[in-house]
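Following: one structure in structure tokens, then a few remarks.
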Amino acid sequence: MTASSAEEWGRLMAAAQAGDGGAYARLLREILPYVRAIVRRHHAAPDRIEDVAQDVLLTLHRIRHTYDPARPFTAWLGAIAHRRSIDALRRKVRTDASETFSPVAYETYADPGANKEIAAHEDSAVLAEAIAALPPGQRQAVELLRLKEMSLAEASATSGQSVGALKVSLHRAIRALQRALGGKVDR
Amino acid sequence: MTDETESLIAHLTEGLQPVRRLAPPWLRAAIWLGIVAVLGAIIVLRFADLAMFVHRIADPRLALELTGILLTGILAIIAAFELSLPDRPITWSLLPAPSFVLWLGSSGFSCWHQWIVRGPDGLGRGETGDCFLWIVAFGVPLAIALFVALRQSHPLSPGPVAAMAGLGVASLAAFLLQFFHPFDATFIDLGLHLAAVATIVVLARAAARRGLNAV
């Protein structure tokens, strides 16, 4: 990034605030490498870096009215990227502290009889009832991410919830469904 | 760029609507403080014993204490508006620190003077124990009004914003209290004032994420 490109980004952002979609699209594409570089200081996994970078874009979009063109754009963007990276890191630490990843848990048993108990919970009426009983945010996360199979970014753009909030809502929803269905819900 | 990120950018930019840029934080703070000043002036002119207040303010110690309280309120509220924006450093939270020290120092000296003049009585509670309730009762509605103004920024780090907002409104409530507080504070009074300020700050911090519509 050069000083002139930073100034250009500031101009593009001001144009985006005025409703220029073309300038906004160009800006978002141009800043992505800069955003990823900041996120990479805190995260190593490529898919996580992309998740957090998308979260930064969503946050930027939500608070784009707070940018003051008289001030440096990179300081404003850098603060958002840094904050979102830290938030994601905190969420990861919390999740890692309470969960153990087990690939085997995702597999069903070779013996069809052993899968009966799990299959019983696939009864759509029971599941629909359990989903309907979830709080609105959690229900929306399940519907968008699991039933409609949207990506996190698409679900975030549709619901207005941040990627982080969606992940938390989905996690809580799965836990609630596990409780409601006797602990037999697959993630 | 991944397809997912590209589709996100397409989604965000499609049919983009203009947004109204926020006014500079100092201006928003000035407008908010101006409105509160007008309301405070109405309350004082309508209900306070101004003659008594003018008599008390002639004491330089009290004048210094009032300056510290008022400046703490104003500067903490300016800091809250600044901190609500993403690119402002956390050092803005130090803005009210000097005036807060002035408030504590001048009040502490007054209390010590009371103790010397009145003996053991000067340690105890003053003529009224309602200071705590007063500051909380005025501080909470002011905090709600300030949160309404601050939530337009969708702060990324709502905790420090809420803490500054809490300190600001509690200080303004404590300043207003001085117009209805016809005696010098004792150590217990000062402790009650600070406990009330701390209560407002803790309440504000507890309500920070939802109250400030943080992203």
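Only this structure's heavy atoms are used, side chains among them; waters, hydrogens and symmetry mates stay out. Each chain gets a letter, A, B and so on, in the order the sequences are listed, and its residues count up from 1.
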### Query
Most heavy-atom pairs under 4.5 angstrom with chain A, which of Leu12(B), Leu85(B), Leu22(B)?
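Of the candidates given, the most pairs with chain A belong to Leu12(B).
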
### Query
Looking at Glu82(B) and Arg28(B), does any basic side-chain N land under 4.0 Å from a carboxylate oxygen?
no

### Pairing of Arg84(A) and Asp87(A) as salt bridge, 4.0 angstrom limit
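Salt bridge between Arg84(A) and Asp87(A), a charged N being under 4.0 Å from a carboxylate O: yes.
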
Distance-only donor-acceptor check, side chains [X] and [Y], under 3.5 Å:
| X | Y | result |
| --- | --- | --- |
| Thr66(A) | Trp76(A) | yes |
| Thr5(B) | Glu50(A) | yes |
| Glu65(B) | Ser107(B) | yes |

### Query
Picking from Ala165(A), Ala75(A), Ala157(A), Ala70(A), which has the most non-hydrogen pairs under 4.5 angstrom with chain B?
Ala157(A)

### Per-residue contacts, residues 88-102 of chain B versus chain A, heavy atoms under 4.5 Å
Arg88(B)

With a 4.5 angstrom heavy-atom cut-off, could you sort out which part of [X] is near chain B: side chain, backbone, both or neither?
| X | value |
| --- | --- |
| Leu57(A) | both |
| Ala18(A) | backbone |
| Ala16(A) | both |

### Task
Pick out which of Leu58(A), Val168(A), Asp55(A) makes a side-chain contact (heavy atoms from CB on, under 4.5 Å) with Ser162(A).
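Considering Leu58(A), Val168(A), Asp55(A), a side-chain contact (heavy atoms from CB on, under 4.5 Å) with Ser162(A) is found only for Asp55(A).
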
#### Entry: Separation of Arg62(A) CZ from Leu156(B) CG (nearest 0.5 Å)
10.5 Å

### Query
If you measure from OG on Ser84(B) to CG on Leu146(B), what distance do you get to the nearest 0.5 Å?
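Rounded to the nearest 0.5 Å, the OG-CG separation comes out at 9.5 Å.
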
### Message
Closer than 3.5 angstrom, by distance alone: can the side chain of Glu154(A) be matched with the main-chain N or O of Ser151(A) as a donor-acceptor pair?
### Response
yes

Heavy-atom cut-off 4.5 Å, strictly under: side chain, backbone, both or neither for [X] against chain A?
| X | value |
| --- | --- |
| Gln152(B) | backbone |
| His154(B) | both |
| Arg21(B) | both |

### Query
Centres of the Tyr34(A) and Trp9(A) rings: under 6.0 Å?
yes

